[in-house]
Chemist: 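Sharing a structure with you now.
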2 protein chains.
Amino acid sequence: MAKRPALSKGEMVVARLLWDHSPATVRQIHTALPSPQDMDFSTVQTYLRRLETKGYASSVLQGKTRIYSAKAKAAAVVKATVDELVSRLFGGSTMPLMRHLIEERSVSADELSELRQLIERLEKERNSE
Amino acid sequence: MAKRPALSKGEMVVARLLWDHSPATVRQIHTALPSPQDMDFSTVQTYLRRLETKGYASSVLQGKTRIYSAKAKAAAVVKATVDELVSRLFGGSTMPLMRHLIEERSVSADELSELRQLIERLEKERNSE
DNA sequence: TTGATTCCAGTACAGTCGTACGTGTATCTT
DNA sequence: AAGATACACGTACGACTGTACTGGAATCAA
């Protein structure tokens, strides 16, 4: 697993879109940006280029158009990023973040119940080990 | 609520210690750093100075020593930071992060049970509204 | 075919970050 | 009192970020 330099905030936004659309052109990514996130076309271009430099993407020139593909797996990046956050903001413990998420961010009833089931399932698994 | 520039990663580590120890001197913060996080004394100093510039801390000179105090509330900063992460890495939805936390980061049995109770309590509250 | 338009690749540039050094002054040790 | 320590403060500096403009090639409109 190659150790890649961490993603910056802007890069992360673009990376996420790339995971969802890979392989994609710059324009496709730019178009896929949700409206509140207005970013210049060339800004997206720059991020994609940097993503490639950092090893998170690769690209080929197809005719006159460059096609970018995600290289790093989303799950791995998510893990690295979250681990990082938890360590810096909570000194490494996960619970404060969980509590925060459940209490401070609006979680719908359905989601709550999904969570509960997830937890119950995990508890059961553990007991039977 | 003053809009402060976001904290960088390094600043966050120091900010967290400041919340726990405020008011504190540079040295106190530096000493409080957990061992794997080795940071030069003057690096901590710089972060504290920047924290003040950004409006997250204030300081007074007490004799020859500068005493720093946390200004922004931890909860607010946590919220801003987490909101930011969720929006950039998950496009705004909280659930993927929850799932990730529960499944990928080791959560102890006790914690699981605490979580379950937290959820159950929330569900109950909602139902009685 | 000529000006207008579209798009990619490269370049730019100020601001932030991580990380610390040097200098001056105050305090401790002998 | 003279050297050793400790600390505050200013300064430094390359790397990374956010954000985009520019130049040139290809495409469209008339």
Chemist: Is the backbone of B:Ser59 close enough, under 3.5 Å, to the side chain of B:Glu52 for a donor and an acceptor to pair up by distance?
Modeler: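 At least one qualifying donor-acceptor pair exists.
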Chemist: May I ask you to evaluate whether A:Thr43 reaches the phosphate of D:dA20, defined as a side-chain N or O under 4.0 Å from OP1 or OP2?
Modeler: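 Answer yes for this pair, as a side-chain N or O of A:Thr43 is under 4.0 Å from OP1 or OP2.
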Chemist: Reckon B:Ser8 has a side-chain N or O less than 4.0 Å from the OP1 or OP2 of C:dG18?
Modeler: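 Indeed, a polar side-chain atom of B:Ser8 lies that close.
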Chemist: So, the side chain of A:Tyr68 versus the backbone of A:Ile29: is there a donor-acceptor pair under 3.5 Å, distance only?
Modeler: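 Looks like no, no N/O pair under 3.5 Å.
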Chemist: What is the distance from OH of B:Tyr47 to C1' of D:dA8, rounded to the nearest Å?
Modeler: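 From B:Tyr47 OH to D:dA8 C1': 19 Å.
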Chemist: Just call it for A:Arg27: base, sugar-phosphate, or nothing, with non-hydrogen atoms closer than 4.0 Å on any strand.
Modeler: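 Sugar-phosphate, no base atom in range.
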Chemist: Using a 4.0 Å cut-off on heavy atoms, which residues in residues 51-67 of chain B reach DNA chain D? List them by number, or say none.
Modeler: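 Correct list: B:Leu61, B:Lys64, B:Thr65, B:Arg66.
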Chemist: Side chain of B:Phe41 only, heavy atoms from C-beta on: which candidate in C:dG10, D:dA8, D:dG10 is closest?
Modeler: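 Side chain of B:Phe41 sits closest to D:dA8.
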Chemist: Quick one: does NZ or CZ of B:Arg16 land under 6.0 Å from the six-membered ring centre of A:Phe90, within 45 degrees of the ring axis?
Modeler: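 Judged by the rule, B:Arg16 and A:Phe90 form no cation-pi pair.
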Chemist: Report the distance from atom CG of B:Asp40 to atom C1' of D:dA12, rounded to the nearest whole Å.
Modeler: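 It is 14 Å, rounded to the nearest whole Å.
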Chemist: Choosing from D:dC9, C:dG10, C:dT19, which nucleotide comes nearest the side chain of B:Gln45?
Modeler: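 It is D:dC9.
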Chemist: Write down the distance between CG (B:Leu48) and P (D:dG10), rounded to a whole number of angstrom.
Modeler: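 Going from B:Leu48 (CG) to D:dG10 (P), I get 14 Å.
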Chemist: Could you give the CZ-to-P distance, from B:Arg49 to D:dC7, as a whole number of Å?
Modeler: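 After rounding, the reported distance stands at 16 Å.
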Chemist: How do B:Val26 and A:Ala6 order along DNA chain D: which one's closest nucleotide is nearer the 5' end?
Modeler: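 The answer here is B:Val26.
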Chemist: How close or far is atom C1' of C:dC8 from atom NE2 of A:His30, stated in whole angstroms?
Modeler: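 So the two atoms are 14 Å apart, to the nearest Å.
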Chemist: Does the side-chain contact (heavy atoms from CB on, under 4.5 Å) test come out yes or no for A:Arg116 and B:Glu120, once each step is laid out?
Modeler: CA-CA 8 Å; A:Arg116 184 167 37 72; B:Glu120 282 164 4; 3.8 Å; yes
Chemist: Starting at the 5' end of DNA chain D and moving along, which residue's nearest nucleotide shows up first, B:Ser42 or A:Met39?
Modeler: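 It is B:Ser42 whose nearest nucleotide is closer to the 5' end.
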Chemist: Under a 3.5 Å distance rule, please check whether B:Glu111 uses its side chain to pair with a backbone N or O of B:Ser108 as donor and acceptor.
Modeler: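 Looks like yes, one N/O pair under 3.5 Å.
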Chemist: Whole Å only: how far is the CZ atom of A:Arg4 from the P atom of D:dC16?
Modeler: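 After rounding, the gap between these two atoms is 16 Å.
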Chemist: Going by distance alone, is a donor N or O of one side chain under 3.5 Å from an acceptor N or O of the other, for A:Ser42 and A:Asp40?
Modeler: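 Indeed, the side chains of A:Ser42 and A:Asp40 share at least one donor-acceptor pair under 3.5 Å.
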Chemist: Tell me whether the OP1 or OP2 atom of C:dT16 has a side-chain N or O from B:Arg50 closer than 4.0 Å.
Modeler: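 No, B:Arg50 has no side-chain N/O under 4.0 Å of OP1/OP2 on C:dT16.
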Chemist: Between atom CD in B:Glu11 and atom P in C:dA20, what is the gap in whole Å?
Modeler: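 Taking CD of B:Glu11 and P of C:dA20, I get 16 Å after rounding.
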Chemist: Taking atom CD of B:Gln62 as the centre, report whether more than 12 heavy atoms of other residues, nucleotides or ligands fall under 6.0 Å from it.
Modeler: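 Count not over threshold, so no.
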Chemist: In this structure, how many angstroms lie between the C1' atom of D:dG18 and the CG atom of A:Leu7, rounded?
Modeler: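 So the CG-C1' distance, A:Leu7 to D:dG18, works out to 15 Å.
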Chemist: Base of D:dA20, side chain of A:Thr46 - is there a donor-acceptor contact under 3.5 Å?
Modeler: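 Indeed, a donor on one side and an acceptor on the other fall under 3.5 Å apart.
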